[in-house]
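What follows is one structure encoded as structure tokens, with my remarks underneath.
Worth knowing before you read on, the calculation uses all heavy atoms, side chains too, and leaves out hydrogens, waters and symmetry mates.
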Amino acid sequence: KENNLERLNLVLNTVRNVNQLLVKENDLNKLLQGVCNILVDNHGYYSAWIAVLDDSNRLVTSAEAGIGEEFLSITGRLRRGDLMDCVREAFSQPGLVITEDPISKCSDCTLSRGYAGRSAITARLEHSGRVYGMLTISIPKEIVPDTKEQGLIQEIAMDIGLGIDKIEGAKKREQLEKML
């Protein structure tokens, strides 16, 4: 019970930290990197990565924490428009894509080799009907069934979508002001 309370406090603290970052950060790359860092450093996930894609599903920008150079294989694929299974699935439906055993299910992904004893959750980043990209985190298997944890991940993904929309809207306004 005490462990559950500690986890819940960690969840609430993570949401607060992400929301504070979303309010103050106007640089997309800094926002994405900051969220990944919060999820890994403050919340204790093994890794987190975010990819923002354009309308042809090619990489615009990305960020990661807890992965390192191995992430280059993912960004290379995404630049070519070559989507991994979890990304394709996340784009095709709202809600979370839960991969309980990435080693056996994600043979098309180079990151899956490092997921022994771990699971993965992928959520698309969207706002007002527009899908911007996705968030994928590597988590302990025992946390997967926790609906509060799933709710946290879904909420953070929605907040990131809102943050991306805010930054894009500000850029468009700035361009219009320059044109006028």
Side-chain angles (χ1 to χ4, degrees), residues 10-84 86-97 111 120-139 149-180:
L10 193 58
V11 166
L12 294 172
N13 196 31
T14 300
V15 170
R16 187 195 72 206
N17 290 343
V18 167
N19 285 332
Q20 286 175 345
L21 180 64
L22 286 164
V23 167
K24 69 179 182 176
E25 189 55 68
N26 294 316
D27 179 277
L28 181 59
N29 291 317
K30 288 180 182 176
L31 171 68
L32 301 181
Q33 188 61 58
V35 170
C36 288
N37 291 343
I38 288 168
L39 291 172
V40 172
D41 298 340
N42 297 5
H43 197 70
Y45 292 136
Y46 297 115
S47 65
W49 62 273
I50 298 172
V52 175
L53 307 178
D54 63 17
D55 293 335
S56 60
N57 288 337
R58 293 188 188 279
L59 185 67
V60 173
T61 191
S62 63
E64 63 83 17
I67 300 171
E69 284 191 28
E70 201 169 343
F71 190 59
L72 294 173
S73 67
I74 297 300
T75 57
R77 283 184 69 172
L78 294 173
R79 276 192 192 92
R80 295 187 304 273
D82 180 15
L83 305 182
M84 289 73 66
C86 62
V87 174
R88 239 187 324 282
E89 195 173 337
F91 271 27
S92 71
Q93 66 186 34
L96 302 175
V97 175
L111 296 181
I121 295 182
T122 302
R124 68 185 187 183
L125 309 175
E126 63 183 311
H127 183 72
S128 297
R130 177 151 183 229
V131 178
Y132 291 101
M134 85 291 308
L135 161 69
T136 300
I137 59 168
S138 172
I139 65 171
E149 197 81 30
Q150 291 177 16
L152 160 76
I153 295 164
Q154 189 66 57
E155 182 176 335
I156 287 174
M158 290 185 324
D159 290 347
I160 296 167
L162 175 64
I164 295 170
D165 189 72
K166 175 190 86 162
I167 290 170
E168 282 200 353
K171 279 183 184 176
K172 287 178 184 171
R173 281 189 297 282
E174 192 177 296
Q175 289 172 345
L176 282 173
E177 287 172 5
K178 284 181 181 177
M179 287 172 52
L180 294 174

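By the 4.5 Å heavy-atom criterion applied to side chains, E168 and L28 are not counted as neighbours. Taking 4.5 Å as the limit, some side-chain heavy atom of L21 sits within range of a side-chain heavy atom of K24. Contact check for L32 versus I160: side-chain heavy atoms found under the 4.5 Å cut-off. Put simply, the side chain of L78 reaches to within 4.5 Å of the side chain of L83, judged on heavy atoms.
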Intermediate values then yes/no, side-chain contact (heavy atoms from CB on, under 4.5 Å), R130 and D55: CA-CA 10 Å; R130 177 151 183 229; D55 293 335; 4.1 Å; yes
Worked check of side-chain contact (heavy atoms from CB on, under 4.5 Å) between L39 and I156: CA-CA 10 Å; L39 291 172; I156 287 174; 3.8 Å; yes
side-chain hydrogen bond (donor to acceptor under 3.5 Å, both in side chains) assessment of Q33 paired with N37: CA-CA 6 Å; Q33 188 61 58; N37 291 343; 3.0 Å; yes
Working for side-chain contact (heavy atoms from CB on, under 4.5 Å), residues H127 and I164: CA-CA 8 Å; H127 183 72; I164 295 170; over 6 Å; no
Audit row: L53, L59, side-chain contact (heavy atoms from CB on, under 4.5 Å) steps and yes/no: CA-CA 4 Å; L53 307 178; L59 185 67; 4.1 Å; yes
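Once rounded to the nearest 0.5 Å, the distance linking CE of M84 with CG of L111 reads 7.5 Å. The CZ atom of F71 sits 9.5 Å away from atom OG of S47, with the distance rounded to the nearest 0.5 Å. The CD atom of Q154 sits 10.5 Å away from atom CG of D159, with the distance rounded to the nearest 0.5 Å. We find the NZ-CD distance between K171 and E174 to be 9.0 Å, quoted to the nearest 0.5 Å. Taking CG of L162 as the start and CD1 of I167 as the end, the distance is 10.0 Å to the nearest 0.5 Å. Interatomic distance, CE of M134 versus CD1 of I121, reported as 15.5 Å (0.5 Å rounding).
The shortest non-hydrogen separation linking A123 to A157 is CB-CB, 3.6 Å. Considering every non-hydrogen atom in both S62 and T75, the closest pair reads OG-CG2, 3.4 Å. Nearest heavy-atom pair across A65 and C36 is CB-O, 3.5 Å. Minimum interatomic distance between S73 and E70 (heavy atoms only, all atoms of both residues): OG-O, 2.9 Å. Across all non-hydrogen atoms, the minimal contact from A48 to I137 is CB-CG2, 3.7 Å. For the pair A90 and T122, the tightest heavy-atom approach, listed with the atom from each and the gap, is CB-CG2, 3.7 Å.
Put simply, the side chain of E126 never gets that close to the backbone of Y132: no donor and acceptor are under 3.5 Å apart. A donor-acceptor contact shorter than 3.5 Å links the side chain of R58 to the backbone of R80. With hydrogens and angles disregarded, no donor-acceptor distance shorter than 3.5 Å links the side chain of Q175 to the backbone of M179.
If you check the side chains of R16 and N19, you find no donor sitting under 3.5 Å from an acceptor.
Other residues, nucleotides and ligands place more than 12 heavy atoms under 6.0 Å from the CG atom of D27.
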